Amino acid sequence: MRADTAWKTLAADSTRGWFDLRTEDLGDVPVRIFMTRRLLEDLEDGVYRQIVNATRFPGVRMVCITPDAHFGYGVPVGSVIITDGSIAMGPVGYDIGCGMVSACSDVPASAATPDACLRFNREVIARIGMGAGEAGRTARLSGIDRDEFQRIIRGGAEYYVARYGERVDRQRAERDVLPVDDGWDVPWHGEGRPERGVTQLGSLGGGNHFIELQRNQEGRIFLQVHTGSRGFGHGMATNYFQMARDERPAEITHLDLGYFTPDSVHHRSYLNAVAAGANYAIVNRLAIFEEIAAAFRTVFKADLELVYEISHNLVQREWHPELGEVWVHRKGATRALPAGHPQLAGTVWEQTGHPVLIPGSNRDWSYILRPLPGAVESGFSVNHGAGRRMARAQAMRALSQDAVDREYRAAGILVNTDGRVPLDESAAVYKSSREVVQAVTHAGLAEVEHELWPIASVKAMDARRPRRTRGVRDLSTSQRHGRSRSR
DNA sequence: ATGTGC
């Protein structure tokens with residue numbers, strides 16, 4: 001293995017806005033890194049080993065690294081792994097189907113007064129369970145039984161909209177429904193306990209999941225949501241990892257390294273789990289969106305219209321002009337199909353390409369992009385956010401709660417209802433979203449359609465962190481000695 | 001990401 005510190009000098013600038021990486025560690029798998037030289041220089045050295053991992057699954061045809069990439073589980077968060085048959089687990093991740101919703105309104109940002117923002121965040125928090133382990137609270141989805149849950153994870157957006165949806169246009173969801181075989185069932189039994197998902201439908205979760213009110217470049221109010229498949233996807237990933245390890249105990253020791261070749265008895269079964277997890281995540285996002293739209297009507301007396309819903313943790317069968325029919329794993333990467341892509345035929349996006357939803361931190365720009373024909377060079381993929389640049393534990397040590405809270409208040413951004421900013425999710429821990437998106441536009445993968453600035457942010461405070469009373473000195477051990485895992 | 005760890 002090449003020294004971790006030397007590899008960056010081997011990345012050859014293609015002059016087209018990306019680097020082609022060729023080292024003996026990668027075999028003959030093409031690796032493209034879509035970064036500026038500066039973003040590449042700032043990348044943690046450990047990412048090289050994870051890029052090598054990404055090329056080592058059976059049947060890998062191509063690997064792309066997006067400009068927001070950072071250290072992840074086995075492969076970088078921000079990687080696109082294209083195979084001709086094998087399905088890898090790390091490159092889908094624990095949060096199967098995690099993704100974004102964007103919505104817009106005609107309401108001028110001037111209506112988002114401090115009082116209106118406070119009422120909005122209060123309404124949202126009352127309606128949407130947030131934080132690890134929290135159950136959903138949406139009236140329509142709480143109390144559903146196991147049979148109805150089965151219909152939801154098999155029917156996806158199509159079933160949800162027909163049965164529950166009030167004002168969702170299915171054309172604005174990336175996938176109506178991912179097909180699940182009748183003969184397949186959820187791996188209920190196992191330590192992963194995916195049944196947690198039954199009561200968690202309609203909840204936001206923790207970590208980097210959020211709800212955010214924004215204003216666009218014309219001064220209209222927009223909204224973004226980031227969430228996934230909660231305990232359901234996590235539980236299934238855990239149980240399938242056990243199956244992968246049992247199948248190849250000598251080789252597969254970490255979930256990062258788990259995979260199923262086409263001849264594995266679990267190959268199709270795992271794809272069913274990915275489809276069910278993605279259907280759950282999509283319904284979760286649509287249900288949360290509708291709940292937020294109700295909160296928005298209460299506060300702003302106006303409608304929020306869905307712009308788009310899209311996942312950035314998924315493996316899907318796709319067509320590529322040079323690679324043919326392939327499996328595209330996107331681990332913290334967003335699909336970007338431009339106008340004329342055959343998979344958009346017959347949809348409302350045929351002439352334009354579909355929207356691409358890119359969040360920045362809650363004190364930085366977020367974006368809605370439009371894919372360009374050049375996206376063929378990245379396997380029809382772009383970044384999924386700004387990308388973490390500071391580990392959570394480091395953030396807890398390095399940042400002052402009061403100083404960060406003051407910065408947000410001065411910027412006019414309300415976080416939750418008390419203005420206390422989760423430090424390990426604050427602006428300083430993320431790369432500049434503008435710099436990351438410029439790497440995408442410079443490479444000709446997409447163009448900017450909307451630039452969105454945060455107004456009000458809802459995000460769970462890490463439950464492990466002791467609550468500090470204002471004005472009282474904090475001597476808790478977790479503030480002084482955090483753990484050093486980045487995600 | 002997560003019934004969120006050493």
Side-chain angles (χ1 to χ4, degrees), chain A residues 50 68-79 88-100 129-136 186-201 203-211 225-242 254-256 258 273-274 277-278 280-282 284-285 288 311-315 329-333 359 384-385 387-388 391-397 422-425 429-430 459-467 476-487:
Chain A
Q50 300 201 322
D68 55 334
H70 61 91
F71 199 81
Y73 284 105
V75 301
V77 175
S79 51
M89 305 180 77
V92 174
Y94 278 105
D95 194 355
I96 297 165
C98 178
M100 299 291 303
M130 88 178 160
E134 281 294 306
V186 177
W188 296 112
H189 304 291
E191 65 182 67
R193 301 191 60 232
E195 71 262 26
R196 283 175 286 158
V198 177
T199 52
Q200 289 175 342
L201 199 55
S203 66
L204 185 67
N208 59 5
H209 289 169
F210 69 85
I211 294 163
V225 180
H226 178 215
T227 186
S229 54
R230 309 288 288 104
F232 180 60
H234 186 275
M236 289 198 297
T238 301
N239 289 351
Y240 273 94
F241 163 61
Q242 190 62 52
H254 305 290
L255 179 122
D256 324 337
V274 170
Y280 180 107
I282 292 164
N284 198 33
R285 283 190 285 274
I288 287 173
S311 167
H312 48 231
N313 272 12
L314 207 57
V315 58
H329 303 68
R330 294 191 181 85
K331 167 76 171 189
H384 83 310
R388 181 168 286 274
R392 290 184 185 280
Q394 188 191 348
M396 300 311 297
R397 285 192 301 268
L423 292 182
D424 50 356
E425 285 293 328
V429 314
Y430 284 102
K459 203 167 207 177
M461 191 67 86
D462 189 329
R464 283 170 301 183
R465 198 173 313 149
R467 285 193 71 82
S476 72
T477 51
S478 71
Q479 292 267 335
R480 285 180 286 123
H481 312 288
R483 289 170 52 238
S484 62
R485 194 178 69 183
S486 79
R487 281 264 157 156

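Every value quoted in this text rests on a predicted model; they were computed, and no experiment measured them. Just so we're on the same page: letters track the sequence lines, and every chain starts at 1.
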- Task: Report yes or no: is the cationic atom of R230(A) (NZ for Lys, CZ for Arg) under 6.0 Å from the centre of the six-membered ring of Y280(A), at an angle within 45° of the ring normal?
- Result: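 No, R230(A) does not sit over the ring of Y280(A).
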
Value in whole Å for how far the [atom2] atom of [N] lies from [atom1] of [X]:
X: Q200(A); N: dT4(B); atom1: CD; atom2: P; result: 11 Å
X: R193(A); N: dT4(B); atom1: CZ; atom2: P; result: 11 Å
X: N239(A); N: dT2(B); atom1: CG; atom2: P; result: 16 Å
X: N313(A); N: dT2(B); atom1: CG; atom2: P; result: 11 Å
X: Y280(A); N: dT2(B); atom1: OH; atom2: C1'; result: 12 Å
X: M396(A); N: dT4(B); atom1: CE; atom2: P; result: 18 Å
X: E134(A); N: dT2(B); atom1: CD; atom2: C1'; result: 14 Å
X: Y240(A); N: dT2(B); atom1: OH; atom2: P; result: 20 Å

- Message: Identify the stems formed by DNA chain B, where each pair is Watson-Crick or G-U wobble with both distances under 3.5 angstrom and a stem is at least 3 consecutive pairs.
- Response: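 Stem list for DNA chain B: empty.
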
- Message: H226(A): which residues meet the ring-ring contact (aromatic ring centres under 6.0 Å, His included) condition with it, sequence neighbours left out?
- Response: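 If we apply the ring-ring contact (aromatic ring centres under 6.0 Å, His included) test to H226(A), skipping adjacent residues, the hits are H209(A), F210(A), H312(A).
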
- Message: S229(A) vs D95(A), test: side-chain hydrogen bond (donor to acceptor under 3.5 Å, both in side chains). Steps then yes/no.
- Response: CA-CA 6 Å; S229(A) 54; D95(A) 194 355; 3.2 Å; yes

- Sub-4.5 Å side-chain heavy-atom contact between R388(A) and E425(A):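 A side-chain contact exists here, since the closest heavy-atom pair is under 4.5 Å.
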
- Task: Verify side-chain hydrogen bond (donor to acceptor under 3.5 Å, both in side chains) between Y73(A) and Q50(A), making sure each step is shown before the conclusion.
- Result: CA-CA 8 Å; Y73(A) 284 105; Q50(A) 300 201 322; over 6 Å; no

- Query: Relative to the ring of W188(A), is the ring of F232(A) parallel (under 30°), tilted (30 to 60°) or perpendicular (over 60°)?
  - Reply: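 Correct class here is tilted.
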
With a non-hydrogen cut-off below 4.0 angstrom, is [X] in contact with a base, only sugar-phosphate, or nothing?
X: E191(A); value: base
X: G228(A); value: nothing
X: G207(A); value: sugar-phosphate

- Task: Could you tell me which residues satisfy salt bridge (Lys or Arg N to Asp or Glu O under 4.0 Å) with R330(A), sequence neighbours excluded, listed by chain and number?
- Result: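 Scan of R330(A) (salt bridge (Lys or Arg N to Asp or Glu O under 4.0 Å), adjacent residues dropped) gives E318(A).
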
